[in-house]
Amino acid sequence: MPKRSLAVQLDDAVQAMLVSLRRRPEEKPHRDLVALAEVARELRHLPSEEFRAELKSDLKRRTTMKEGTAPGQSSGAGAAPARGAHFMRPGFTSITPYIVIKGAAQLIEFLKSAFEGVERLRVPQPDGSIMHAEVAVGNGMIEVGDANEQFPSSPTDIHLYVDDCDATYERALQAGATSIYAPTDDHPSGDRWGAVKDQFGNHWYIATPKGWTPGPEGLRSVQPYLHLREAHKMIPFLEAAFSAESLGVHQSPEGAVLHATVRIGNATLEVAEAHGEYQPKPCHLHVYVPDTNAVYAQVLRAGATSIEAPVDKPYGDRAAGVKDAWGNSWFIATHLGR
């Protein structure tokens, strides 16, 4: 058998690393290739989740085209996002809470005063009410709209990570919120936490990390917090519906979820069993995904019901809506880049 070149041996070593199902362990590479093989081993996990998601979406698009859909042609429920489009609008993360209440303009002013929010967009109705608004808080976004017959008032619970829990808590009180509890170091998470309730019924859990350092990706400033009955069922729903990842679940001896953090895309939300004053608040969540059509179908298979099938919106998103078994509405969207 002819001797294989070092280039061929290196290629074989890399391929062995990438194969997920092997009948035998990787062969030890030639001594001249050990250093290069170690570099390849370190690089094999480098593509980010967003890159992988966009690549998956692009591959699905190509498959659709091969099956007969011309570029740019809509194929209804099977249409995929345009090639090369970044699937999130600038400033957004994968999960954004959408607060619908009466008095949206007043809520926006509260967000500015309490949390140093920056208003990015406001779309008024002819009667002066707000159809849609966007307020940046830290590195996250909060969407706001006035309640109406179609979308009744639905206060939300939100966990905010800030640089100074105490100062933010005081600003929130000065902006009109009432205290749920003052900042304390005794929170079970180990972080310094305080909590307030605004005049619209939203709960704000204000925290600063303590005793640990966030990873290179940092912390998401805005994280929706869902108090639910049978919260343990929400986690497998999110995994099935949005390919979510559970980052940690703390349960009581009886199995109730005391706290769980779940990642969808590049953002997280939190889940806990409803109890005492922390009761369920069916809310609205805006989720950016690489392929609205595929995720919409996946969420329906996971048990959600349809509010709206995927459709291209005039503001440049392909969007759909569903409702889960707990009454939360999920607005699924892919930014089309136009």
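Residues Asn328 and Pro282 share a closest heavy-atom pair of OD1-CA, 3.4 Å. Taking both residues in full, the closest heavy atoms of Val322 and Ile307 are given as O-CD1, 3.3 Å, listed atom of the first, atom of the second, then distance.
Taking the charged nitrogens against the carboxylate oxygens, Asp312 and Arg318 do have a contact shorter than 4.0 Å, which makes a salt bridge. Lys313 and Glu308 are joined by a salt bridge, as a carboxylate oxygen and a charged side-chain nitrogen come within less than 4.0 angstrom of each other.
Counting only distance, with no hydrogens or angles, the side chain of Asn202 and the backbone of Pro155 share no donor-acceptor pair below 3.5 Å. Using modelled atom types, one side-chain atom of Thr334 and one backbone atom of Thr292 make a donor-acceptor pair closer than 3.5 Å. Under a 3.5 Å cut-off, the side chain of Gln279 and the backbone N or O of Gly276 do form a donor-acceptor pair. Here the side chain of Asp198 pairs no donor or acceptor atom with the backbone of Ala177 at under 3.5 angstrom.
Under the salt bridge (charged side-chain N to carboxylate O under 4.0 Å, His left out) test applied with Lys210, the options Asp191, Asp166, Asp185 reduce to a single match, Asp185.
One side chain, Ser94 or Asn266, offers a donor N or O that lies under 3.5 Å from an acceptor on the other. Judged by distance alone, the side chains of Tyr169 and Ser179 do bring a donor and an acceptor atom under 3.5 Å apart. For the residue pair Tyr296 and Ser306, a side-chain donor N or O sits within less than 3.5 Å of a side-chain acceptor on the partner.
The number of heavy-atom neighbours closer than 6.0 Å to NZ of Lys197, taken from other residues, nucleotides and ligands shown, is 12 or below.
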For this session: Verify ring pair (Phe, Tyr, Trp, His ring centres under 6.0 Å) between His284 and Phe331, making sure each step is shown before the conclusion.
Result: CA-CA 7 Å; His284 305 293; Phe331 302 114; 5.7 Å; yes
